[in-house]
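These numbers were taken from a predicted model, which means no experiment stands behind them. Both counts, for ligands and for their atoms, begin at 1 and track the order of listing.
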Amino acid sequence: MIRKIVTYPDPVLTTPTQEVDVVDREIEKLVKDMFETMYDAEGVGLAANQIGVPIKVMVMDTTPKEDAPDLKLVLINPTIVHTEGKIKYKEGCLSFPGLSVEVERAKRIKVKALNEHGEPVELELEGFPAIVFQHELDHLQGITFIDRLKGWRRRLALEKYKKLQKRS
Ligand code: ZN
C-alpha cells in the first residue's frame, strides 16, 4: 500500500525514532509499504518516520531498476561503526518536495543493522549509497538535511522551501 509521505515541518520528522524490538509480520508489512511508497515517489531511500511511523526502519535502493533488484536494502536499528573521507553532494528529500541542498557527508562507511529477517548484517557502503544511508539515518534520529547546514545556508534553504510550498 502506498502511504502518504510526511513533509517538513511535521514534528514526526524532527523527533528521534524508537528502536525495533522484534522483527515481526508487522515490520514485514511496513517494509513492503515503504518500498511501494518510495518507488511511487521515485525516491532512492525512505525512513519509517517519513510515513509517520516513528521506529528505526529504513529502506533504500540506489538503482531502482528491475534488472538490479539485489540493491534493495532493508536496515533495521541501523548504526554507523566506521567512517572515512568526505564527499559533497546535492541531495533531495521526499519530505522537502522540490528542495535540493549540498551536504557534506562521509565518503565510505561501515554500518551494522538487522535485515528484514531480523538477522544482524554488516555492510560497507561508498559514494552515493553511503550518502543515501547517512541521509536516512539522520531521519531516524530526527535530523533533516537542512540541519546539516549552518547559519545563512540553513536560513536560505528554509526560505526557498517556504516559497516552494506556497507555490504548490
Ligand atoms: Zn529525506
**OP:** Specify the closest pair of heavy atoms between Lys107 and Ala130, including all atoms of both residues, with the distance to one decimal.
**Re:**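 For Lys107 versus Ala130, the nearest heavy atoms are O-CB, 3.6 Å.
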Exercise for the section: Go through the steps for Glu159 and Arg155 under the test salt bridge (Lys or Arg N to Asp or Glu O under 4.0 Å), then give the verdict. Expected result: CA-CA 6 Å; Glu159 272 167 36; Arg155 277 199 306 278; 5.6 Å; no
Quick one about Asp147 and Thr144 (side-chain donor to acceptor, distance below 3.5 Å, no hydrogens or angles considered), yes or no?
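Yes, because at least one side-chain N or O of Thr144 sits under 3.5 Å from a partner of the opposite role on Asp147.
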For Lys56 and Thr17, does a side-chain donor sit closer than 3.5 Å to a side-chain acceptor?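 Side-chain D/A pair, Lys56 to Thr17: present.
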Let me know which of Ile55, Asp21, Val53 forms a side chain to side chain contact (heavy atoms under 4.5 Å, CB included) with Ile27.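 Testing Ile27 for a side chain to side chain contact (heavy atoms under 4.5 Å, CB included) against Ile55, Asp21, Val53 leaves exactly one candidate, Ile55.
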Taking atom CD as the centre, does Gln18 end up with more than 12 heavy-atom neighbours from other residues, nucleotides or ligands that are less than 6.0 angstrom away?
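It does not: Gln18 CD has 12 such atoms or fewer within range.
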- So which protein N/O/S atoms does the Zn ion (ligand 1) have within less than 2.8 Å?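 Counting only protein N, O or S atoms under 2.8 Å from the Zn ion (ligand 1), the list reads Cys93 SG, His135 NE2, His139 NE2.
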